[in-house]
*Asks:* 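I am attaching a structure below and will ask some questions about it afterwards.
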Amino acid sequence: MRYSQYLLPTLKETPSDAEVISHQLMMRAGMIRKVAAGVYNYMPLGLRSVRKMEQIIREEMNKAGAIECLMPMANPAELWQESGRWEKYGKELLRFKDRKETDFCMGPTHEEVVTDIVRNTVNSYRQLPLNLYQIQTKFRDEIRPRFGLMRGREFIMKDAYSFDLNDEGADKSYSKMYQAYRNIFNRCGLKFRAVEADSGAIGGSFSHEFMVLAESGEDGIVSCDTCEYAANVEKAELIYRDLKMPEATAELQKIDTPDQKTIEEVAAFLKVPAEKLVKTLIVQTSDDEVLAVLLRGDRELNMIKLNNLLNVDWVLMAEDAIVREVTGAPAGFAGPIGLKIKVIADTEVMGMADFVVGGNAVDVHYTGANVERDFKVSRFADLRQAVAGDPCPRCDGGKFESWRGIEVGHVFKLGTKYSDAMNATVLDAQGKSIPLVMGCYGIGVGRTVAAAIEQNHDENGMMLPMPLAPFQVQILMLSAKDDEVREAAEKLYAELLDMGIEVLLDDRDERPGIKFKDADLVGIPLRVTVGAKALKDGNVELKKRVDGEQSLVPLAGAAKKLQQLVDAALA
RNA sequence: CGGAGCGUAGCGCAGCCUGGUAGCGCGCCUGGUUUGGGACCAGGAUGUCGGAGGUUCGAAUCCUCUCGCUCCGACCA
């Protein structure tokens with residue numbers, strides 16, 4: 001492709017509404033342009049990367065035995081009413097009517113449609129297993145779209161749905177997809193973790209999220225440094241091997257702690273580490289219950305774990321008025337001793353003795369507090385947020401490392417939720433009608449490209465890995481007016497095209513500085529500079545975008561050398 | 001939906017408080033000089049000041065309504 005004839009509108013300045021790097025760079029490199037909130041044009045350059053991502057997905061899905069199809073964006077309400085989601089999905093489902101006033105929605109996901117296909121076409125267990133996938137534009141009317149392609153309302157997604165006769169089959173389908181996903185993200189050259197996820201409202205027995213590691217990730221995750229275990233911090237299990245309740249050795253003592261409210265203040269005031277404190281959080285639930293939660297002073301409460309434990313819709317920190325009512329003191333002095341409400345504690349607290357707690361009165365704390373002797377705990381449970389260094393629950397000796405991650409894929413075992421609701425059954429070998437066991441598997445295509453940029457960039461621009469890069473090689477024709485330079489660049493360009501290499505020739509009549517800056521911004525992995533200097537000796541300059549490694553190569557052998565480098569980067 | 005903020009040239013912004021000729025930088029066009037990391041000189045084009053209504057002799061500026069967008073909270077590929 002010739003730059004002079006291409007549409008590659010780069011921006012010198014960062015658009016003011018782009019918050020994250022990938023969004024900024026995709027805008028600046030002319031990959032995307034916004035049309036409406038959370039709705040983007042894929043510009044020629046951006047589309048090239050998106051298509052590459054899709055192709056990798058397609059190849060790996062096909063290899064795993066999935067079959068591509070394409071379902072409509074416009075879904076009739078009828079199917080959604082059948083599954084019950086027309087009512088349940090809420091405002092995120094973009095609804096509209098056709099000219100006959102029939103209700104439709106833009107598909108945010110396609111369980112209903114695919115289930116409808118299968119129930120109409122699959123009747124026998126002999127036709128199983130079946131895995132149908134598509135790469136489609138989805139629409140979810142998110143309340144707050146942001147971060148460019150990272151969280152758009154309209155976005156391209158690969159979604160796959162597996163159908164099996166029974167659980168064992170479904171598990172097999174699931175693990176095939178799990179492996180296919182690993183292959184996909186590996187091929188993209190991304191650092192990622194497959195984490196155990198909360199299967200949430202959709203239910204089902206297990207679920208993994210595929211997270212690309214990046215500083216700017218929205219999710220906190222932990223992974224074991226020795227085994228395969230990885231999980232969202234919200235879900236990461238904690239384990240206490242050989243936990244015993246130690247003997248109390250200290251007397252319970254009431255002490256004055258004037259104006260010392262936070263854990264840091266109290267710890268500093270008493271000259272003890274925060275680990276020797278136990279904090280008491282007063283929470284209220286959707287069932288109108290108020291209870292106290294105990295955690296070691298330096299730990300964070302994991303609301304999701306608490307939520308699941310209590311089995312309620314939501315849990316919140318109690319309002320000030322409630323705190324005063326149950327503890328008799330303003331926030332900052334709550335403690336378990338003498339509380340009338342139910343007290344639950346993080347398991348870790350069980351292993352603590354002689355600790356500091358709030359005194360339920362202004363400017364008062366207790367030291368030397370102990371469970372059982374001084375107060376009762378109705379229940380111990382894993383309630384705290386996992387952090388780096390925590391021991392792995394699945395292996396011996398492994399420790400957690402912590403990361404930020406961007407969720408780019410999700411695999412779910414669905415069970416029979418949709419097949420039951422929509423009556424998708426087959427006859428088994430005994431002629432009995434049984435509901436299909438389903439799984440669903442999504443990958444955010446644009447999001448993965450954005451995540452790849454988050455993970456691969458520097459201050460000058462993008463550094464997309466070869467498999468996702470819009471072009472493989474860029475030639476900078478440094479002076480379009482110099483005949484020798486032009487001819488040499490043209491020759492190399494033609495050779496590379498012949499070899500089937502994806503090459504962008506910057507033949508614009510621009511100053512070198514502009515070409516260099518744009519090249520860095522777009523970040524095509526291999527850059528060849530054809531300039532008068534090196535050409536005098538018959539050479540061109542080769543520079544790798546990732547590490548900045550430069551070398552002079554003879555013009556004559558440049559094409560071959562480039563081909564080797566491209567091949568190596570794709571292997 | 002709750003809270004905060006912004007809509008002025010393609011992009012980034014000033015002007016608004018205190019009403020009176022719409023401005024700056026970048027980009028764009030023309031000519032010239034330049035040509036290895038976002039050049040310089042000279043000339044030029046570009047705006048329903050988001051929209052509607054109101055106040056006023058006069059509104060980008062004040063008032064009301066409206067639409068769009070961005071940011072902070074609960075959802076998610």
Side-chain angles (χ1 to χ4, degrees), chain A residues 9-20 23 27-28 30 33-39 53 57 89-93 107-110 135-160 181 185 197-198 200-202 207 209-212 218-219 232 286 303-304 307 313-316 405-412 440-451 460-461 476-482 485 508-521 527 529-535 540-541 543 548 550:
Chain A
T10 59
L11 257 30
K12 202 192 286 197
E13 287 170 277
T14 300
S16 59
D17 56 358
E19 283 282 301
V20 296
H23 187 195
M27 290 291 290
R28 287 192 54 210
R33 282 291 134 99
K34 189 170 72 175
V35 181
V39 179
M53 183 70 219
I57 292 173
Y89 215 96
K91 291 197 169 174
E92 220 170 273
L93 190 62
T109 173
H110 282 76
I135 295 174
Q136 237 294 25
T137 296
K138 308 277 194 208
F139 197 98
R140 292 184 191 169
D141 200 356
E142 294 260 355
I143 300 164
R144 199 153 95 73
R146 58 184 138 170
F147 304 150
L149 292 195
M150 206 79 102
R151 188 189 287 252
R153 290 142 96 202
E154 189 181 286
F155 57 99
I156 301 172
M157 180 176 168
K158 186 285 304 179
D159 48 329
Y181 274 39
F185 297 117
D198 201 4
I202 306 185
S207 158
E209 288 171 347
F210 285 77
M211 310 284 252
V212 169
E218 291 188 84
D219 295 278
N232 199 305
S286 50
M303 285 288 192
I304 294 182
N307 222 323
D313 290 339
W314 49 258
V315 181
L316 285 175
I406 298 165
E407 185 187 353
V408 292
H410 203 155
V411 293
F412 259 114
C440 78
Y441 318 93
I443 292 179
V445 175
R447 183 125 122 189
T448 306
V449 173
N460 295 315
L476 298 193
M477 184 192 279
L478 226 45
S479 166
K481 283 182 181 149
D482 180 322
V485 168
R508 291 175 299 169
D509 183 16
E510 289 288 356
R511 297 171 60 82
I514 291 180
K515 296 193 177 191
F516 284 128
K517 289 289 182 192
D518 277 341
D520 286 344
L521 177 61
R527 185 183 94 190
T529 307
V530 183
K533 272 188 197 168
L535 205 55
V540 295
E541 293 162 41
K543 184 170 180 181
Q550 290 196 65

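Naming: A, B, ... by sequence-line order, numbering from 1 per chain.
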*Asks:* Both distances under 3.5 Å, Watson-Crick or G-U wobble: report the partner of B:rA4, or none.
*Replies:*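 Pairing partner: B:rU70.
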*Asks:* Is it the case that B:rC75 (base atoms only) and A:Arg151 (side chain only) share a donor and an acceptor within less than 3.5 Å, ignoring hydrogens and angles?
*Replies:*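 Donor-acceptor pair under 3.5 Å: yes.
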*Asks:* So A:Pro15 and A:Lys34, do their side chains get closer than 4.5 Å, heavy atoms only?
*Replies:*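 No, side chains not in contact.
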*Asks:* Taking the P atom of each, how far is B:rG7 from B:rG43, in whole Å?
*Replies:*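 Taking atom P in both B:rG7 and B:rG43, they lie 32 Å apart.
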*Asks:* What are the two closest heavy atoms between A:Val408 and A:Ala451, and how far apart are they?
*Replies:*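 What the structure gives for the nearest pair is CG1-CB, 3.9 Å.
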*Asks:* Please give, in whole Å, the distance from B:rA77 P to A:Lys138 NZ?
*Replies:*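 My rounded result for the distance is 11 Å.
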*Asks:* Between the main-chain N or O of A:Met477 and the side-chain N or O of A:Lys515, is there a donor-acceptor pair closer than 3.5 Å?
*Replies:*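 Judged by distance alone, yes, a pair lies under 3.5 Å.
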*Asks:* Roughly, in whole Å, what's the span from CZ in A:Arg508 to C1' in B:rG27?
*Replies:*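 Those two atoms, CZ and C1', are 13 Å apart.
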*Asks:* Write down the partner of B:rA77 under the Watson-Crick or G-U wobble criteria, each distance required to be under 3.5 Å.
*Replies:*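 By the stated definition (distances under 3.5 Å), nothing pairs with B:rA77.
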*Asks:* Rounded to whole angstrom, note down the C1' distance from B:rG5 over to B:rC16.
*Replies:*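 That atom pair is separated by 16 Å.
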*Asks:* Choosing from B:rA77, B:rC1, B:rG36, which nucleotide comes nearest the side chain of A:Arg140?
*Replies:*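 Nearest listed nucleotide: B:rA77.
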*Asks:* Determine the contact category for A:Arg28: base if any of its heavy atoms lies under 4.0 Å from a base atom, sugar-phosphate if only primed atoms, P, OP1 or OP2 are that close, otherwise nothing.
*Replies:*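 Answer is base: heavy atoms of A:Arg28 come under 4.0 Å of a base.
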*Asks:* Is there a Watson-Crick or G-U wobble partner for B:rC49 with both distances under 3.5 Å, and which nucleotide is it?
*Replies:*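 Here B:rC49 is not engaged in any pair, so there is no nucleotide opposite it.
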*Asks:* Give the nucleotide from the list B:rA77, B:rU34, B:rC11 with an atom nearest to the side chain of A:Lys481.
*Replies:*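 That would be B:rU34.
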*Asks:* Of the listed nucleotides (B:rA77, B:rU35, B:rC71), which one gets closest to any side-chain atom of A:Pro512?
*Replies:*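 When the side chain of A:Pro512 is considered, B:rU35 is the closest of B:rA77, B:rU35, B:rC71.
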*Asks:* Over how many whole Å does the gap from A:Leu521 atom CG to B:rG27 atom P extend?
*Replies:*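 In whole Å, B:rG27 P and A:Leu521 CG are 16 Å from each other.
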*Asks:* Taking only N and O in the side chain of A:Arg146, is any of them less than 4.0 Å away from OP1 or OP2 of B:rC72?
*Replies:*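 For B:rC72, OP1/OP2 do have a side-chain N/O of A:Arg146 under 4.0 Å.
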*Asks:* Assess whether a salt bridge exists between A:Asp509 and A:Lys481, defined as any Lys/Arg side-chain N lying under 4.0 Å from an Asp/Glu carboxylate O.
*Replies:*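 Result for this pair is yes, salt bridge flagged.
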*Asks:* Counting any heavy atom closer than 4.0 Å, what does A:Asp518 reach on the DNA or RNA strands: base, sugar-phosphate only, or nothing?
*Replies:*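 If one applies the 4.0 Å heavy-atom cut-off, A:Asp518 turns out to touch a base.
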*Asks:* Starting at NZ of A:Lys158 and ending at P of B:rA77, how long is that distance when rounded to a whole Å?
*Replies:*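 Atom NZ in A:Lys158 sits about 12 Å away from atom P in B:rA77.
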*Asks:* Quick one: is A:Ser16 getting a side-chain N or O under 4.0 Å of the B:rC13 phosphate, OP1 or OP2?
*Replies:*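 The answer is yes; a side-chain N or O of A:Ser16 sits under 4.0 Å from OP1 or OP2.
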*Asks:* Using a heavy-atom cut-off of 4.0 Å across all strands, would you classify A:Gly442 as base, sugar-phosphate, or nothing?
*Replies:*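 Nothing, no nucleic acid heavy atom in range.
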*Asks:* Roughly how many Å is it from NZ in A:Lys543 to P in B:rG37, rounded to a whole number?
*Replies:*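 The answer, rounded to whole Å, is 12 Å.
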*Asks:* Just checking A:Glu13: base, sugar-phosphate only, or nothing, at a heavy-atom cut-off of under 4.0 Å?
*Replies:*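 Base contact - A:Glu13 has a heavy atom under 4.0 Å of at least one base atom.
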*Asks:* Check whether any side-chain N or O of A:Lys158 sits under 3.5 Å from a backbone N or O of A:Tyr441 as a donor-acceptor pair, and report yes or no.
*Replies:*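 It does hold such a pair.
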*Asks:* With rounding to whole Å, what would you report as the distance between B:rA4 and B:rG44 at their P atoms?
*Replies:*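 Rounded to whole Å, the distance is 47 Å.
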*Asks:* Distance between the C1' atoms of B:rC28 and B:rG47, in whole angstroms?
*Replies:*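 These two C1' atoms come out 15 Å apart once rounded.
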*Asks:* Between B:rC69 and B:rU8, how far is it from one C1' atom to the other, in whole Å?
*Replies:*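 Rounded to whole Å, the distance is 15 Å.
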*Asks:* Would you call A:Val449 and A:Leu149 a side-chain contact if the rule is heavy atoms closer than 4.5 Å?
*Replies:*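 A side-chain contact is absent here, since even the closest heavy-atom pair is not under 4.5 Å.
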*Asks:* Tell me the partner of B:rU30, counting only Watson-Crick (N1-N3 plus N6-O4 or O6-N4) or G-U wobble (N1-O2 and O6-N3) with both under 3.5 Å; none if nothing fits.
*Replies:*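 Across any shown strand, B:rU30 pairs with B:rA42.
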*Asks:* Is there a Watson-Crick or G-U wobble partner for B:rA14 with both distances under 3.5 Å, and if so, which one is it?
*Replies:*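 For B:rA14, the partner nucleotide comes out as none, under the 3.5 Å rule.
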*Asks:* Would you mind telling me which residue lines up with the more 5' stretch of RNA chain B, A:Ile443 or A:Arg527, judged by nearest nucleotide?
*Replies:*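 Here A:Arg527 is the residue nearer the 5' end.
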*Asks:* Using the C1' atoms only, state how far B:rG38 lies from B:rU21, rounded to an integer number of Å.
*Replies:*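 About 36 Å, rounded to a whole number of Å.
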*Asks:* Would A:Phe155 count as stacking on B:rA77 if stacking means ring centres less than 5.5 angstrom apart and planes tilted under 30 degrees?
*Replies:*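 According to the criterion (under 5.5 Å, under 30°), yes, A:Phe155 stacks.
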*Asks:* Distances for protein N/O vs nucleotides 39-47 of chain B N/O pairs under 3.5 angstrom?
*Replies:*
unit_1	atom_1	unit_2	atom_2	d
B:rA39	OP2	A:Arg511	NE	3.4

*Asks:* Please give the nucleotide sitting opposite B:rG58 as a Watson-Crick or G-U wobble pair, both distances under 3.5 Å, or none.
*Replies:*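 Result: none.
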*Asks:* Take the protein atom CZ of A:Phe147 and the nucleotide atom P of B:rU70, then report the distance between them rounded to whole Å.
*Replies:*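 In whole Å, B:rU70 P and A:Phe147 CZ are 12 Å from each other.
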*Asks:* Has A:Arg28 got a side-chain atom pairing as donor or acceptor with A:Leu11's backbone, closer than 3.5 angstrom?
*Replies:*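 Flag set: sc A:Arg28 to bb A:Leu11 pair under 3.5 Å.
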*Asks:* So what does A:Gly152 hit on the nucleic acid, given a heavy-atom distance under 4.0 Å: a base, only sugar-phosphate, or nothing?
*Replies:*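 If one applies the 4.0 Å heavy-atom cut-off, A:Gly152 turns out to touch a base.
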*Asks:* Determine the Euclidean distance between corresponding C1' atoms of B:rC72 and B:rC65; express it in Å to zero decimal places.
*Replies:*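 Taking atom C1' in both B:rC65 and B:rC72, they lie 26 Å apart.
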*Asks:* Does any N or O in the side chain of A:Arg146 come within less than 3.5 Å of the main-chain N or O of A:Arg151, such that one atom is a donor and the other an acceptor?
*Replies:*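 Judged by distance alone, no pair lies under 3.5 Å.
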*Asks:* I'd like to know if A:Glu541 reaches the base of B:rG36 with its side chain such that a donor and an acceptor end up less than 3.5 angstrom apart.
*Replies:*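 Indeed, a donor on one side and an acceptor on the other fall under 3.5 Å apart.
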*Asks:* Within the structure shown, what part of the strands sits under 4.0 Å from A:Glu218 by heavy-atom distance: base, sugar-phosphate, or nothing?
*Replies:*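 No contact.
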*Asks:* Quick check for you: among B:rG73, B:rC69, B:rG36, whose closest atom lies nearest to any side-chain atom of A:Ala37?
*Replies:*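 Looking only at side-chain atoms, A:Ala37 lies closest to B:rC69.
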*Asks:* In whole Å, measure the gap between the C1' atoms of B:rU46 and B:rG25 for me.
*Replies:*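 Those two atoms are separated by 16 Å.
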*Asks:* Should the ring pair A:Tyr181 and A:Phe185 be called parallel, tilted or perpendicular, given that the plane angle runs from 0 to 90° and is split at 30 and 60?
*Replies:*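 Rings of A:Tyr181 and A:Phe185: perpendicular, over 60°.
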*Asks:* Report the distance from atom CE of A:Met53 to atom P of B:rA77, rounded to the nearest whole Å.
*Replies:*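 Nearest whole value for this atom pair: 16 Å.
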*Asks:* Tell me the closest heavy-atom pair linking A:Thr529 and A:Leu478, and the distance in Å.
*Replies:*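 Minimum heavy-atom separation between A:Thr529 and A:Leu478: CG2-CD2, 3.8 Å.
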*Asks:* Can you check the A:Glu92 CD to B:rC1 C1' distance for me, whole Å?
*Replies:*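 For the pair A:Glu92 CD and B:rC1 C1', the rounded distance is 14 Å.
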*Asks:* On RNA chain B, nearest-nucleotide positions of A:Pro145 versus A:Asp219: which is more 5'?
*Replies:*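 Result of the comparison: A:Pro145.
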*Asks:* About how many Å separate CG of A:Leu476 and CD of A:Glu541, when rounded to the nearest 0.5 Å?
*Replies:*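 Interatomic distance, A:Glu541 CD to A:Leu476 CG, rounded to 0.5 Å: 9.5 Å.
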*Asks:* Looking at B:rG25, B:rG36, B:rA77, which one has an atom nearest to any side-chain atom of A:Arg447?
*Replies:*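 The closest nucleotide is B:rA77.
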